[in-house]
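Ligands are counted one by one from 1 in listed order, and the atoms in each one are counted from 1 as well. We're numbering straight along the sequence, starting at 1.
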Amino acid sequence: MSTETFTSAVATTRLQRLPLQNQQSLRAWDAADELLLKHIASQQLVQANSKVLLINDHFGALSVNLAAVNVANISHWGDSYISQLATTHNLQANQLDTSLHYLSSVAPLTESYDLILIKLAKVTALLETQLNGLAAHLNDGGNIIAAGMCKHMPMSTYKVFERFIGSTNTSKAEKKARLIFPKVEQLQKQELPYPISFTEPSLDLSLSNHANVFSKESLDIGARFFIDQFQQLPAAQNIIDLGCGNGVLGIIAKRIMQQNRIDSHIHFVDESFMAIASAQQNYQQAHQQSKDASFYHSECLSQLPDLPVDLILCNPPFHQQHSTGDYIAKRMFSQSYERLKPQGQLWVVANRHLPYAPYLKNIFSRCNTIAKNNKFVIYQLVK
Ligand code: SAM
């Protein structure tokens with residue numbers, strides 16, 4: 001069966017994941033999308049004039065299927081810029097109206113909806129923030145339905161729904177997916193601990209992290225080991241923090257350049273809205289200014305303007321949503337090579353068990369190991 005043709009209970013559409021790959025084995029939807037659309041169709045929960053909020057619709061499977069049956073008022077809310085790109089891409093590929101409302105995870109909702117459909121977030125803190133944000137945004141008589149794969153639904157997931165919305169019922173599992181039907185009993189804003197702040201005394205740095213930011217409660221040990229080597233960084237003016245998370249790598253790199261009296265500009269890049277918002281706030285707090293830094297929502301380096309790039313720092317991701325793999329990391333490495341000036345450098349921290357070295361050596365003219373310990377290795381790649 002094609003990995004791109006999705007026949008749901010409401011429509012047949014063609015869906016692709018972004019970034020596009022030559023040999024894509026993973027589909028852009030899952031059994032939870034299928035089950036959710038089947039339920040909506042059988043219960044006739046949506047009409048052309050319904051106001052629908054879709055949360056975490058990763059590659060736009062729900063958006064495209066609802067647009068295909070002429071639902072005109074769709075809002076798409078999540079923490080992923082790639083999800084927005086993929087949804088537009090898939091709407092266009094199916095010749096559908098692309099004018100849906102994209103809402104970033106760091107902007108509160110301003111309207112209310114008849115139907116709210118939630119694909120479960122991987123990170124519980126993000127789900128909590130999203131459910132908390134729904135207070136006062138469901139129209140009278142409206143429905144909230146969540147969907148996910150059973151293996152991503154521990155008991156604690158139901159507890160989150162009970163805490164923020166009300167008691168839950170569930171559907172039967174189908175193809176290892178399940179729906180959650182929370183009864184709307186207590187949809188009121190609660191105090192949440194996000195963003196989480198902590199101080200890293202050894203770096204003399206405070207960091208504040210939104211709910212979906214990588215390593216939000218303490219400094220990542222890979223990042224820590226990486227930063228320990230930053231005194232060896234080359235002098236650099238344009239520096240990219242690729243997959244910046246809370247921005248810690250770029251913030252410390254800026255400090256090192258300042259200590260060496262080098263004027264530098266740091267370009268922070270991430271596909272997560274919460275990561276970029278956190279990096280922006282942390283940079284401002286650490287350097288008491290917001291100049292000399294730019295912040296980009298981008299799929300790897302695809303959305304960056306042309307720059308004479310001297311240095312790229314990268315602690316790469318090893319998963320996209322729920323699927324693990326090295327495709328995104330390798331894409332970051334090959335795009336880095338394209339973007340660097342001659343003699344420019346990419347510095348990477350990686351888990352030692354990940355076989356990045358042969359790939360990196362194939363692209364770059366030099367690959368040096370700057371440091372390693374029992375868990376991590378740091379590569380310096382020279383163009
Ligand atoms: N640099 C931070 C650190 O060292 O703590 C975060 C590193 S974390 C391992 C990887 C980051 O890459 C995450 O913030 C994630 O949102 C981001 N990311 C994942 N896929 C991406 C993509 N395709 N394009 C841009 N950023 C991406």
Checking contacts here: is it the side chain or the backbone of [X] that comes within 4.0 Å of ligand 1, counting heavy atoms only? Could be both or neither.
{"X": "Ser298", "answer": "backbone"}
{"X": "Met332", "answer": "side chain"}
{"X": "Asp270", "answer": "both"}
{"X": "Ile82", "answer": "side chain"}
{"X": "Pro316", "answer": "backbone"}
{"X": "Cys244", "answer": "backbone"}

**Request:** Locate the shortest heavy-atom distance separating Trp347 from Phe226; write the atom from each residue and the value.
**Result:** O-CZ, 3.4 Å
**Message:** Give me the atom names and distance for the closest heavy-atom approach of Thr5 to Trp29.
**Reply:**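 Minimum heavy-atom contact is O-CH2, 3.4 Å.
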**Asked** So, is Pro317 polar-close to ligand 1, with some N/O to N/O distance under 3.5 Å?
**Response**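 Between Pro317 and ligand 1, no N or O pair is found under 3.5 Å apart.
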**N/O separation below 3.5 Å, Asn315 to ligand 1** =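 The answer is yes, given that Asn315 and ligand 1 share an N or O pair closer than 3.5 Å.
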**Prompt:** Just which atoms of ligand 1 are under 4.0 Å from any heavy atom in Glu299?
**Reply:**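 Numbered from 1, ligand 1 contributes 24 (N).
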**Request:** Just jot down the ligand 1 atoms closer than 4.0 angstrom to any heavy atom of Ala223, in number order.
**Result:** 4 (O)
**Asked** Is a side-chain donor-acceptor pair under 3.5 Å present for His89 with Gln16?
**Response** yes
**Message:** Assess, by modelled atom type and distance only, whether the side chains of Ser272 and Asp79 contain a donor and an acceptor separated by less than 3.5 Å.
**Reply:** yes
**Asked** Counting heavy atoms not belonging to Glu162, are there more than 12 under 6.0 Å from its CD?
**Response**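 Count over threshold, so yes.
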**Ile328 touching ligand 1 at heavy-atom level, < 4.0 angstrom** = yes
**Message:** With the threshold set at under 4.0 angstrom, would you say Cys300 reaches ligand 1 through any of its heavy atoms?
**Reply:** yes
**Set of residues satisfying side chain to side chain contact (heavy atoms under 4.5 Å, CB included) with respect to Asn260, sequence neighbours excluded** = Ile256, Ile262
**Item:** Partner residues of Glu217 under the salt bridge (charged side-chain N to carboxylate O under 4.0 Å, His left out) criterion, sequence neighbours left out
**Value:** none
**Asked** Centroid-to-centroid, Phe273 to His297, below 6.0 Å?
**Response**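 Yes, they do, as the ring centres are separated by less than 6.0 Å.
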